[in-house]
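Okay, structure first, notes after.
Worth saying up front: this structure is predicted, and the values here are computed from it rather than measured. All values below come from the heavy atoms of this structure, side chains included, with hydrogens, waters and symmetry mates left out.
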Amino acid sequence: DHKDFLDRCNEMGLKVIVTFPMSTNDYLDLTNEATIIQALKNFRHTVRMVKGHPAVLMWAISNEPNHATSAYSYQAAGTLSEFFSFLEKIKDVRDDEENF
């Protein structure tokens, strides 16, 4: 739970970028239905924990998914296009949860 941290940031007038960690180490095959379902479930949980908090500026999905030399990047695994297809699903979850 990050509520205390977000509350303190809000008191200080700070905005936070909330990161949803993703790598091939976390979610190897983004074409696998079970993997997609689990990742979306995890993201939905993350959104529900902090949605509507005034300190939340935006979402960051993954960290450098296109890093060419990282063993856990989607670019290095040759699956960056699958990652972007998955981002469409993530966007739909965010829109649903945040009523966009």
Side-chain angles (χ1 to χ4, degrees):
D1 181 13
H2 302 288
K3 185 175 178 345
D4 291 340
F5 174 77
L6 291 173
D7 288 346
R8 182 75 173 131
C9 287
N10 188 52
E11 290 169 8
M12 297 175 68
L14 298 173
K15 295 292 185 183
V16 175
I17 298 171
V18 178
T19 301
F20 180 68
M22 280 192 70
S23 71
T24 57
N25 192 45
D26 302 310
Y27 307 106
L28 178 60
D29 184 0
L30 292 177
T31 63
N32 178 285
E33 191 64 26
T35 299
I36 292 169
I37 289 169
Q38 186 61 51
L40 292 176
K41 177 182 173 185
N42 293 347
F43 181 68
R44 186 174 298 274
H45 174 75
T46 301
V47 172
R48 286 180 178 172
M49 285 191 330
V50 299
K51 75 177 180 180
H53 197 287
V56 174
L57 174 66
M58 62 187 266
W59 297 98
I61 310 301
S62 188
N63 181 23
E64 299 182 358
N66 61 331
H67 193 282
T69 60
S70 170
Y72 300 112
S73 82
Y74 291 101
Q75 175 76 25
T79 58
L80 196 56
S81 63
E82 288 85 352
F83 175 77
F84 280 103
S85 294
F86 180 75
L87 286 183
E88 285 294 323
K89 293 174 176 64
I90 285 269
K91 182 182 72 64
D92 292 343
V93 169
R94 187 265 340 248
D95 290 354
D96 179 53
E97 288 296 326
E98 295 188 336
N99 301 315
F100 283 124

Next on the checklist: For a quick test of reading the model, state the closest non-hydrogen atom pair linking I36 to T31 and the distance between them.
Outcome noted: CD1-C, 4.2 Å

Item to check | Distance (rounded to the nearest 0.5 Å) between I37 CD1 and K89 NZ | outcome: 10.5 Å

Checklist entry - Any chance NE2 of H53 has more than 12 other-residue heavy atoms, nucleotides or ligands included, within less than 6.0 Å? => result yes

Checklist entry - Is any side-chain heavy atom of E98 less than 4.5 Å from a side-chain heavy atom of W59? => result yes

Next on the checklist: So, taking the atom named CD1 in I90 and the one named CG in D95, what distance separates them when rounded to the nearest 0.5 Å?
Outcome noted: 11.5 Å

Item to check | Hydrophobic cluster membership, F84 vs V93, 4.5 Å side-chain cutoff | outcome: yes

Checklist entry - Which pair of non-hydrogen atoms, one from V16 and one from C9, has the smallest distance, and what is that distance? => result CG2-SG, 3.8 Å

Checklist entry - M22 and M49: same hydrophobic cluster, using ILVMFWY side-chain contacts below 4.5 Å? => result yes

Checklist entry - Could you give the distance from CZ (F20) to CD1 (I61), rounded to the nearest 0.5 Å? => result 7.0 Å

Next on the checklist: Under the salt bridge (Lys or Arg N to Asp or Glu O under 4.0 Å) definition, can you give me all pairs with a residue in residues 4-25, not counting sequence neighbours?
Outcome noted: K3-D7, R8-E11

Item to check | Taking every non-hydrogen atom, the tightest pair across A55 and L6 | outcome: CB-O, 3.4 Å

Checklist outcome for this item: All heavy atoms of T19 vs all of S62, minimum pair found to be CG2-O, 4.4 Å

Checklist entry - Just wondering, more than 12 heavy atoms not from K41 lying within 6.0 Å of its NZ? => result no

Item to check | Those residues that, when tested against E97, pass side chain to side chain donor-acceptor pair (under 3.5 Å) (two or more places apart) | outcome: R44, R48, K51

Checklist entry - Out of curiosity, does V18 fall in the hydrophobic cluster containing F5 (side-chain heavy atoms, cut-off under 4.5 Å, transitive links)? => result yes

